[in-house]
J.: 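My questions all concern the structure below.
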Amino acid sequence: MQTRERILKMPSHWYTVQSKPRQENLARQNLDRQGFTTYLPLITQRKRRRNQWTQVTEPLFPRYLFIHVDPSQQSLAPVRSTLGVSQLVRFGQLLRPVPDAVIDYLRAMETADTGAREDHSPRYQPGDRVEILEGPFAGLSGVYQMQDSDHRALLLVELLGRSNPVTVELDALSA
């Protein structure tokens, strides 16, 4: 009973909800239908799917979303039984709020048109081991050196007993 009293005295905050695997959107939709305010941060990045590079928008934190609630005004009991939800994240028996500044920062990083954060980080770092998937060097692996242009990369590939510089299409590489 002491734990429940501590929870009820908390003001309105953001809390973390763990969803079931790949059910973040389902959990968000069902929590929204129940009158909760939710936030699911998304990220858009390039991924290789079925041998093609595509833009994919997915949760920034897989299996996690945020819920804004005042436990003294709205019961958290329905959250655990919501379709798509696994549990509320707790530390021991206590719910720990996520600082508003964290949520504000995540929202500030989103683009207005997609509502998702854009991943502009380079695909590979110098020294990364990559595999060549297409072209005359397909099947070989090499060490990524640098991006040569917008669409090409310089690699060191082991050929004939020594490392040779080779330039290949960025889309022909895989980590």
Side-chain angles (χ1 to χ4, degrees), residues 3-4 7 10-71 73-125 127-134 138-139 141 144 147 151 153 169-175:
T3 302
R4 177 134 173 92
I7 291 173
M10 290 186 220
S12 180
H13 286 294
W14 288 98
Y15 298 98
T16 307
V17 175
Q18 184 180 30
S19 74
K20 293 180 179 172
R22 297 191 233 296
Q23 293 188 15
E24 301 90 351
N25 277 317
L26 179 66
R28 181 187 53 79
Q29 290 169 355
N30 287 317
L31 288 167
D32 287 345
R33 274 192 215 123
Q34 293 176 54
F36 292 103
T37 302
T38 60
Y39 175 55
L40 176 61
L42 302 171
I43 187 167
T44 300
Q45 52 191 341
R46 285 177 47 98
K47 286 196 170 185
R48 193 167 183 92
R49 300 268 165 95
R50 297 186 191 114
N51 284 335
Q52 292 184 8
W53 287 98
T54 59
Q55 292 287 99
V56 177
T57 300
E58 54 191 18
L60 180 61
F61 308 111
R63 293 198 63 193
Y64 293 95
L65 64 146
F66 302 99
I67 185 170
H68 192 257
V69 66
D70 179 351
Q73 301 295 319
Q74 194 171 14
S75 172
L76 290 171
V79 173
R80 276 194 19 218
S81 61
T82 299
L83 199 60
V85 171
S86 177
Q87 64 185 346
L88 280 160
V89 175
R90 298 176 185 271
F91 294 92
Q93 292 296 317
L94 296 176
L95 286 174
R96 290 289 179 197
V98 176
D100 289 340
V102 171
I103 302 297
D104 293 343
Y105 174 77
L106 292 171
R107 284 192 164 152
M109 299 304 290
E110 295 174 347
T111 61
D113 55 331
T114 64
R117 179 183 183 144
E118 298 287 331
D119 184 12
H120 297 292
S121 60
R123 285 186 237 171
Y124 309 106
Q125 298 294 324
D128 285 353
R129 195 121 187 92
V130 294
E131 185 178 338
I132 304 170
L133 302 174
E134 301 168 1
S141 63
Y144 180 84
Q147 192 164 332
H151 304 288
E169 293 289 323
L170 269 172
D171 287 347
L173 299 177
S174 177

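Not measured: the values here are computed from a predicted model. Computed from heavy atoms alone, side chains included, the values below leave out hydrogens, waters and symmetry copies.
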J.: Under a 3.5 Å threshold, yes or no: a donor from one side chain and an acceptor from the other, between Asp32 and Thr38?
T.: yes
J.: What closest approach, in Å, do Gln34 and Pro78 show between heavy atoms, and which atom pair accounts for it?
T.: OE1-CB, 3.3 Å
J.: Please verify the inter-ring angle class for Phe66 with Tyr39; under 30° counts as parallel, over 60° as perpendicular, anything in between as tilted.
T.: parallel
J.: Rounded to the nearest 0.5 Å, what separation is found between the CZ atom of Arg96 and the CZ atom of Phe91?
T.: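 Result: 8.0 Å between the selected atoms.
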J.: Just so I know, are the side chains of Val85 and Arg80 near enough to count as touching, which here means a heavy-atom distance under 4.5 Å?
T.: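 Val85 vs Arg80: side chains apart.
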J.: The test is side chain to side chain contact (heavy atoms under 4.5 Å, CB included); show your working for Val98 and His13 and say whether it passes.
T.: CA-CA 7 Å; Val98 176; His13 286 294; over 6 Å; no
J.: Less than 4.5 Å apart, any side-chain heavy atom of Leu60 and any of Leu106?
T.: yes
J.: Mind checking the CD-OG1 spacing from Gln45 to Thr54? Nearest 0.5 Å is all I need.
T.: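 It is 10.0 Å, given to the nearest 0.5 Å.
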J.: Would you kindly say whether Ser86 and Ser19 are connected by a side-chain donor-acceptor distance under 3.5 Å?
T.: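 Looking only at side-chain atoms, Ser19 and Ser86 do not form any donor-acceptor pair under 3.5 Å.
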J.: Kindly give the heavy-atom pair with the smallest separation between Arg90 and Gln93, and that separation in Å.
T.: NH1-O, 3.4 Å
J.: Nearest 0.5 Å, what's the CG-CG distance between Leu88 and Leu76?
T.: 5.5 Å
J.: Heavy atoms only: give me the nearest Thr44-Gln55 pair and the separation to one decimal.
T.: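 Heavy atoms of Thr44 and Gln55 come nearest at CG2-NE2, 3.6 Å.
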J.: Could you tell me the separation between the CG atom of Asn25 and the CG atom of Leu40, rounded to the nearest 0.5 Å?
T.: 5.5 Å
J.: Are any of the side-chain heavy atoms of Val17 and Tyr64 separated by less than 4.5 Å?
T.: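 Of all side-chain heavy-atom pairs linking Tyr64 with Val17, none is under 4.5 Å.
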J.: Please list, chain by chain and in numerical order, all residues satisfying side-chain hydrogen bond (donor to acceptor under 3.5 Å, both in side chains) with Ser81, sequence neighbours excluded.
T.: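 Counting only residues at least two positions away or on another chain, Ser81 forms no side-chain hydrogen bond (donor to acceptor under 3.5 Å, both in side chains).
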J.: Please examine the side chains of Val79 and Leu31, heavy atoms only from C-beta on, and report whether any two atoms are closer than 4.5 Å.
T.: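 Answer yes - side chains close enough.
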J.: Backbone N or O of Leu83 within a donor-acceptor pair of the Asn30 side chain at under 3.5 Å?
T.: yes
J.: Answer yes or no: are there more than 12 heavy-atom neighbours, outside Arg107 itself, under 6.0 Å from its atom CZ?
T.: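 Yes, enclosed.
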J.: Going by atom types only, do Ser12 and Gln73 share a side-chain donor-acceptor pair under 3.5 Å?
T.: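 Their side chains do not contain a donor-acceptor pair, so the 3.5 Å distance test is not met.
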J.: Counting only N and O atoms by type, is there a donor-acceptor contact under 3.5 Å from the side chain of Ser75 to the main-chain atoms of Pro71?
T.: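 Absent.
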J.: Check whether any side-chain heavy atom of Val89 sits under 4.5 Å from a side-chain heavy atom of Tyr15, and report yes or no.
T.: no
J.: Return the CD1 to CD distance between Ile132 and Glu169, rounded to the nearest 0.5 Å.
T.: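 These two atoms lie 11.5 Å from each other.
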J.: For residues Asp100 and Trp14, determine if any side-chain heavy atom of one lies less than 4.5 Å from a side-chain heavy atom of the other.
T.: yes
J.: Phe61 versus Pro41: any side-chain heavy-atom pair under 4.5 Å?
T.: yes
J.: If you compare all heavy atoms of Pro59 against all heavy atoms of Ile43, which two are closest, and at what distance to 0.1 Å?
T.: O-CG2, 4.2 Å
J.: To the nearest 0.5 Å, how far apart are CZ in Arg63 and NZ in Lys20?
T.: 10.0 Å
